[in-house]
S.K.: 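Please see the structure below; I have some questions.
Proteins get letters first, then strands, A, B, ... in listed order; numbering begins at 1 in each.
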2 protein chains.
Amino acid sequence: MAKKVQIELGEAELEVMRALWDHGPQTVRDVMHRLHERGRTVAYTTVLTFLTRLEQKGVVASDKRDQAYVYKSKISRQSVTMSRIKALVDQLYDGAAAPMLAQLIENERFTPDEISHLRKLIDHLDTGAESGVDARKNAAKNAPKNSN
Amino acid sequence: MAKKVQIELGEAELEVMRALWDHGPQTVRDVMHRLHERGRTVAYTTVLTFLTRLEQKGVVASDKRDQAYVYKSKISRQSVTMSRIKALVDQLYDGAAAPMLAQLIENERFTPDEISHLRKLIDHLDTGAESGVDARKNAAKNAPKNSN
DNA sequence: TCTTACCTACGACAGCGGTAGTAGAACGCT
DNA sequence: AGCGTTCTACTACCGCTGTCGTAGGTAAGA
């Protein structure tokens, strides 16, 4: 199951990944437009550099179509999120997620809907989690769009 | 109250901050020992550089004692945690904390104690919490937000 | 006083991430 | 055939971060 050692992505690289997650496989030019839409007005060749580096890192794959390469993400947004959070928790709390989670809950504002959803998740924890074999195969129902 | 725009700390710098958080004000040599204990065997002057840079960033303060300067943190671990998480949430979920929190809850392992604690926190949210006037739904990502 | 040990200031360097320019290939139009 | 457009490959540069080394002060012993 050899997991990635550490997916190290910069801020701009992350935004490129977002473009791929949110809109599927795209060409360099497409991604550039996504970035421009989100306020990052970078040059075409900059985006090309990003995608090339991301491919070297093994997190995107390219595919020659027509004239231009089409790039697609090889990793899910979830995996990046978890990897980041894990790094955060390790760095700040020696790997103990609960304290950080508690702090997060205390400091963020949530809507009633979100709260009840979170409660549901928590409730699900002690029923599902204890049974040795983890039966956590249910997908996040409110997952944003498509992932990889 | 002018808050820091963004506390940008590298991994090693963060470990220095941890030393200060966990053990209070210390000299360069003290911090070096803490880092060594935690497996980061860096040279004395490296630690000095870290602390100097951190002071330039305004997150630690120094104080001449005896022969050596004593450094102390000017920011809390909590503020750094929140700042980091906020960055993460902004970068990956456009500022919507709940989905990320949900993912975190689903993917982490918690002890029964932790679970009941979390439940208590959640329960506390809709009672004692401020009546949400939140406009955070899809955050405008390029608005200069001030955290903590 | 000379030496030793410790402290700080300053400079250096490499790797990475963000950013872009230039050169050359490939395609389509006139 | 020649021209403009578009794509990729390559190179470069800057700032930040991690990492030290060296030089020059100063306190404490020998």
S.K.: Assign A:Arg40 to base, sugar-phosphate, or nothing according to its heavy-atom contacts below 4.0 angstrom with the strands shown.
M.R.: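 The answer is sugar-phosphate, as A:Arg40 gets under 4.0 Å only of primed atoms, P, OP1 or OP2.
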S.K.: Considering only heavy atoms, which members of residues 44-52 of chain B lie under 4.0 Å from some atom of DNA chain D?
M.R.: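 Within this stretch, B:Thr45, B:Thr46, B:Thr49, B:Phe50 sit under 4.0 Å of the strand.
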S.K.: Expressed in angstrom and rounded to an integer, what is the separation of A:Glu55 atom CD from D:dA9 atom P?
M.R.: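 My rounded result for the distance is 9 Å.
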S.K.: Of all residues at least two apart in sequence or in a different chain, which pass the salt bridge (Lys or Arg N to Asp or Glu O under 4.0 Å) check with A:Lys86?
M.R.: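 Listed in chain order: B:Glu108.
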S.K.: Quantify the bending of the helix from C:dT1-D:dA30 to C:dT30-D:dA1 as the angle between its end axes, each fitted on five pairs, to 10°.
M.R.: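 The end axes of the helix from C:dT1-D:dA30 to C:dT30-D:dA1 are about 30° apart, to the nearest 10°.
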S.K.: Quick one: is D:dT6 close enough that its OP1 or OP2 comes under 4.0 Å of any side-chain N or O from A:Arg29?
M.R.: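 For D:dT6, neither OP1 nor OP2 has a side-chain N or O of A:Arg29 closer than 4.0 Å.
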S.K.: Taking salt bridge (Lys or Arg N to Asp or Glu O under 4.0 Å) as the test, write out the residues that go with A:Asp90, two or more places apart.
M.R.: none
S.K.: Are A:Leu121 and A:Ile115 linked, directly or through intermediate hydrophobic residues, by side-chain heavy-atom contacts shorter than 4.5 Å (ILVMFWY only)?
M.R.: yes
S.K.: Tell me: CD of A:Glu11 to P of D:dC16, nearest whole Å?
M.R.: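 Atom-to-atom, A:Glu11 to D:dC16, this comes out as 14 Å.
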S.K.: Return the set of residues passing side chain to side chain contact (heavy atoms under 4.5 Å, CB included) with B:Ala43 (not counting sequence neighbours), or none when no residue passes.
M.R.: B:Thr45, B:Thr46
S.K.: Begin with the C-alpha distance, continue with both residues' side-chain angles, and end with the deciding distance and a verdict on side chain to side chain contact (heavy atoms under 4.5 Å, CB included) for B:Ile85 and A:Ile85.
M.R.: CA-CA 8 Å; B:Ile85 292 182; A:Ile85 292 182; over 6 Å; no
S.K.: Just how far, in rounded Å, is C1' of D:dT5 from CG of A:Asp66?
M.R.: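 Rounding to the nearest Å, CG of A:Asp66 and C1' of D:dT5 are 15 Å apart.
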S.K.: Only counting residues at least two apart or in another chain, list the ones meeting side chain to side chain contact (heavy atoms under 4.5 Å, CB included) with B:His23.
M.R.: B:Gln26, B:Arg34
S.K.: If you restrict it to nitrogen or oxygen atoms, what contacts under 3.5 Å exist between nucleotides 24-30 of chain C and the protein, and what is each distance?
M.R.:
none

S.K.: Whole angstroms only, please: what is the CE-P distance between B:Met32 and C:dT8?
M.R.: 12 Å
S.K.: Where the side chain of B:Asp30 meets the backbone of B:Thr27, is there a donor-acceptor pair that is under 3.5 Å apart?
M.R.: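 Such a contact is found between B:Asp30 side chain and B:Thr27 backbone.
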S.K.: Once you round it to whole Å, what is the distance between C1' of D:dT17 and CD of B:Glu13?
M.R.: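 Computing the B:Glu13:CD to D:dT17:C1' distance gives 7 Å.
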S.K.: For the pair B:Arg38 and A:Asp94, find out whether any cationic side-chain nitrogen is under 4.0 Å from an anionic carboxylate oxygen.
M.R.: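 Yes, charged N to carboxylate O under 4.0 Å.
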S.K.: Which whole-number value in Å describes the distance from A:Asp63 CG to D:dC7 C1'?
M.R.: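 So the two atoms are 16 Å apart, to the nearest Å.
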S.K.: Rounded to whole angstrom units, what separation is found between the CG atom of A:Asp30 and the C1' atom of D:dT6?
M.R.: 13 Å
S.K.: Applying side chain to side chain contact (heavy atoms under 4.5 Å, CB included), name anything that partners B:Arg40, two or more places apart in sequence or on another chain.
M.R.: B:Glu11, B:Ala12, B:Glu15, B:Leu35, B:Val42
S.K.: Does anything in residues 45-64 of chain A form a salt bridge (charged side-chain N to carboxylate O under 4.0 Å, His left out)? List the pairs, not counting sequence neighbours.
M.R.: A:Glu13-A:Lys57, A:Asp63-A:Arg65
S.K.: Please name all residues satisfying side chain to side chain contact (heavy atoms under 4.5 Å, CB included) with A:Leu48, sequence neighbours left out, ordered by chain then number.
M.R.: A:Val28, A:Thr52, A:Tyr71
S.K.: At a cut-off of 3.5 Å, list every protein nitrogen or oxygen paired with a nitrogen or oxygen from nucleotides 13-16 of chain C, distance to 0.1 Å.
M.R.:
none

S.K.: Can a donor-acceptor pair be found, under 3.5 Å and without considering hydrogens, that links the side chain of B:Trp21 to the backbone of B:Ile75?
M.R.: yes
S.K.: So which heavy atom on A:Leu92 is nearest to which on B:Arg18, and how close?
M.R.: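 Looking at all heavy atoms of both residues, the closest pair is C-NH1, 3.9 Å.
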S.K.: Whole-Å distance between D:dA27 P and B:Tyr69 OH?
M.R.: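 My rounded result for the distance is 13 Å.
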S.K.: List for me each residue that meets side chain to side chain donor-acceptor pair (under 3.5 Å) alongside A:Gln103, sequence neighbours excluded, and say none if there are none.
M.R.: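 Listed in chain order: A:Tyr93.
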